[in-house]
Structure formats: C-alpha cells, structure tokens
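In what follows, chains are A, B, ... by sequence order, proteins preceding strands, each numbered from 1.
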2 protein chains.
Amino acid sequence: MCAKNSQETTQPSEELLCPIRYLLNIFSGKWKLPIVCMLSGETPLRYSTIKRRLGDITNVMLAQSLKELEAAGIVHREQYNEVPPRVEYRLTEKGKSILPTLGQLAEWAIGAMQNETTCGVLCTKCQSTT
Amino acid sequence: MCAKNSQETTQPSEELLCPIRYLLNIFSGKWKLPIVCMLSGETPLRYSTIKRRLGDITNVMLAQSLKELEAAGIVHREQYNEVPPRVEYRLTEKGKSILPTLGQLAEWAIGAMQNETTCGVLCTKCQSTT
DNA sequence: CTGTATCCTTGAGGATACTG
DNA sequence: CAGTATCCTCAAGGATACAG
C-alpha cells in the first residue's frame with residue numbers, strides 16, 4: 001500500500017512499504033540519480049572526477065550521497081592505499097540492474113521535453129573521458 | 001549533460017537539461033509519485049479520495065502537488081459544478097505514458113526489497129475501490 | 001467538498017575551513 | 001586526493017484555521 005510510510009528510522013525493512021516509496025528512499029535527494037547516471041559507464045570513477053563533472057556539488061553532499069548509495073548496495077567503493085590516496089566508485093550488480101529502467105525513464109523524459117538537447121540517454125556526456 | 005542545472009526558475013525549457021534532472025523536476029517532492037501511482041487506475045479519483053488513501057498528506061501539500069502535476073501535463077483536473085462541489089483527477093495521456101516505466105521501477109524495487117509485501121506492482125491496493 | 005491562508009518546524013543542502 | 005567538521009540558509013513540508 002502506498003499509504004502509511006514508516007515513521008521509525010531504525011528498522012524500515014520490517015514495514016510494509018510501497019515499492020515506489022522504497023525507491024524514493026534509496027534515490028531521494030538532489031544528487032543520487034545524477035551520480036548513478038554518471039557511474040553508468042564501464043570504467044570506475046574517482047571521487048574528484050565525479051565531483052568535477054557534477055560541477056556544483058559540495059564535498060559534504062557528494063560524500064554523503066556516495067555513502068548512502070553504498071549503504072543501499074547500489075555503489076561499490078574501492079580504496080587504494082596509495083599516496084596520494086585514490087578511491088574509485090562503480091555500480092554494483094544491483095546498481096547496474098536498474099540502468100535499463102533508468103534508460104527508459106530518460107527516454108520518456110526526452111520525449112516529454114519535446115525538444116532536442118545535447119544530452120543523450122543516460123547522460124552519455126557524463127561518461128565522456130574528460 | 002548532467003551537470004549545470006539551470007538556476008533560473010523562469011524559463012528552464014531553454015536550458016540544456018539532463019533528462020534525469022528534468023524528471024526530478026517534474027516528480028520532485030514527497031508526494032508526486034505516490035499520487036501518480038494512485039491515479040494509475042482506470043477510474044478518476046476525487047480530491048477527498050486521494051487524500052484519504054494517502055493517509056497523512058495535508059491539504060496544502062495535496063492541492064499543491066496536484067496543481068504542479070497538472071501544470072506539467074501529467075494530471076487532468078475535471079471540475080463539476082455541483083453542490084457540494086466535486087472535482088475528479090485522472091492521468092493525461094502523457095501521464096499514462098510513464099506508467100509502464102513506472103511499473104518496471106516498481107518491479108525493480110520489489111526485487112530489491114527481497115521480501116514479500118502486501119503491495120503489488122504500481123500499488124494495486126491504492127486503486128482498490130474502498 | 002475542495003481547497004486557501006498563515007504560521008511554524010525541520011532538515012536538505014550549501015559555504016567555508018580543515019585533516020589524514 | 002578524499003574526505004570531515006561546523007555553521008548557516010532557505011525552502012519543503014506540516015499544523016491549524018478558515019473560505020467558497
């Protein structure tokens with residue numbers, strides 16, 4: 001049922017939760033979806049790369065969003081103990097599994113926008129190796 | 001491109017906007033998606049019916065959400081000049097056109113939740129004629 | 001019944017500085 | 001380079017009362 005979202009933040013997994021609301025919980029906020037879209041390419045991306053391509057996200061929001069996506073099992077974090085430190089992010093299998101549907105959403109949006117943009121499905125420009 | 005969302009609220013249609021961000025603009029907020037999901041049935045729903053089924057939404061949020069969805073061309077508002085007043089809401093063709101994708105999203109979510117709920121795809125319980 | 005008007009609280013998100 | 005720590009702003013959202 002769509003109604004009656006869980007109030008408690010402790011154990012929402014026990015609650016009867018609408019799938020749509022479950023989705024909203026995972027991908028809530030301003031940056032989660034753009035980040036997933038940006039990681040949809042084959043090659044893992046570094047923290048700084050993601051930050052640069054998103055353009056106007058702060059460290060706080062990026063680190064927090066990545067952490068939450070990781071906790072949700074959408075994103076994998078790989079840390080290399082080098083100097084300077086290097087951390088790469090990529091989608092997990094679970095994360096990748098939503099890409100086709102995300103692509104459909106993007107196609108719908110493009111159709112709804114009714115005018116051409118320079119942005120392809122799933123933000124292919126975001127995956128460009130700049 | 002995913003980056004550089006438009007700052008101006010006046011004419012965002014001119015901006016190069018990522019489809020995903022376009023989507024986020026349309027369905028932003030806590031209630032838009034649950035409302036669309038609730039209107040996915042065949043029969044139009046009255047204001048009070050939507051309010052009752054969502055359970056914990058206020059008049060302000062419901063009226064505002066419906067108005068924005070109407071402005072986005074997702075929802076159609078039909079007003080009958082009766083006493084007491086009666087207003088029915090239903091999805092437009094554009095609104096209906098996103099249902100299949102929404103259904104896929106819901107299926108993904110159900111798979112991701114990994115445990116059974118009483119909620120079917122697209123919140124079928126929300127459509128029950130209570 | 002279908003909303004508006006008003007006021008208020010909360011937290012998402014941003015700015016800046018700093019650290020391992 | 002990859003984040004934390006802190007503080008702050010602003011708008012989304014809620015509560016309550018009232019109107020057509």
With the threshold set at 4.0 Å, does a side-chain nitrogen-carboxylate oxygen contact exist between Lys96(A) and Glu93(A)?
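Looking at Lys96(A) and Glu93(A), the cut-off is met.
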
For the side chain of [X], counting heavy atoms from C-beta on, which of [options] is nearest?
{"X": "Ser48(B)", "options": "dG3(D), dC1(C), dT2(C)", "value": "dT2(C)"}
{"X": "Arg86(A)", "options": "dG3(C), dA2(D), dG14(D)", "value": "dA2(D)"}
{"X": "Lys30(B)", "options": "dG14(C), dG13(D), dC1(D)", "value": "dG13(D)"}
{"X": "Asn59(A)", "options": "dT4(C), dG14(C), dG3(D)", "value": "dG3(D)"}
{"X": "Pro85(A)", "options": "dC1(D), dA15(C), dC1(C)", "value": "dC1(D)"}
{"X": "Val60(B)", "options": "dA15(D), dG13(D), dA2(D)", "value": "dA15(D)"}
{"X": "Arg77(A)", "options": "dG3(D), dG14(D), dG3(C)", "value": "dG3(D)"}

In whole Å, I'd like the distance from the [atom1] atom of [X] to the [atom2] atom of [N].
{"X": "Ile50(A)", "N": "dC1(D)", "atom1": "CD1", "atom2": "C1'", "value": "13 Å"}
{"X": "Lys51(B)", "N": "dG14(D)", "atom1": "NZ", "atom2": "P", "value": "11 Å"}
{"X": "Leu62(B)", "N": "dT16(D)", "atom1": "CG", "atom2": "C1'", "value": "17 Å"}
{"X": "Glu70(A)", "N": "dA2(D)", "atom1": "CD", "atom2": "C1'", "value": "14 Å"}
{"X": "Met61(A)", "N": "dG3(D)", "atom1": "CE", "atom2": "P", "value": "15 Å"}
{"X": "Leu66(A)", "N": "dG3(D)", "atom1": "CG", "atom2": "P", "value": "7 Å"}
{"X": "Trp31(B)", "N": "dG3(C)", "atom1": "CH2", "atom2": "C1'", "value": "17 Å"}
{"X": "Ile57(A)", "N": "dA15(C)", "atom1": "CD1", "atom2": "C1'", "value": "14 Å"}

Starting from the 5' end of DNA chain D, give me the residue, Tyr89(A) or Ser28(B), whose nearest nucleotide shows up first.
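Upstream on the strand: Tyr89(A).
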
Give a yes or no on whether the backbone of Ile74(B) and the side-chain of Thr92(B) come within a donor-acceptor separation of less than 3.5 Å.
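Pair found, side chain donor or acceptor close to backbone of Ile74(B).
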
May I ask you to decide if Trp31(A)'s main-chain N or O and Ser65(A)'s side chain share a donor-acceptor pair within less than 3.5 Å?
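No, because the side chain of Ser65(A) does not come within donor-acceptor range (under 3.5 Å) of the backbone of Trp31(A).
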
Which sits closer to the 5' end of DNA chain C, Gln64(B) or Pro84(B), going by the nucleotide each is nearest to?
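The answer here is Pro84(B).
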
Side-chain contact, heavy-atom cut-off 4.5 Å: Leu102(A) with Leu105(A)?
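In short, these two side chains touch, coming nearer than 4.5 Å.
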
Non-hydrogen side-chain atoms of Tyr89(A) and Leu45(A) separated by less than 4.5 Å:
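Tyr89(A) vs Leu45(A): side chains apart.
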
Look at the side-chain N and O atoms of Lys67(B) and state whether any lies under 4.0 Å from the OP1 or OP2 oxygen of dT4(C).
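For dT4(C), OP1 or OP2 has a side-chain N or O of Lys67(B) closer than 4.0 Å.
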
Is the phosphate of dT2(C), meaning OP1 or OP2, less than 4.0 Å from a side-chain N or O of Arg46(B)?
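True: Arg46(B) side-chain N/O within range (under 4.0 Å) of dT2(C) OP1/OP2.
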
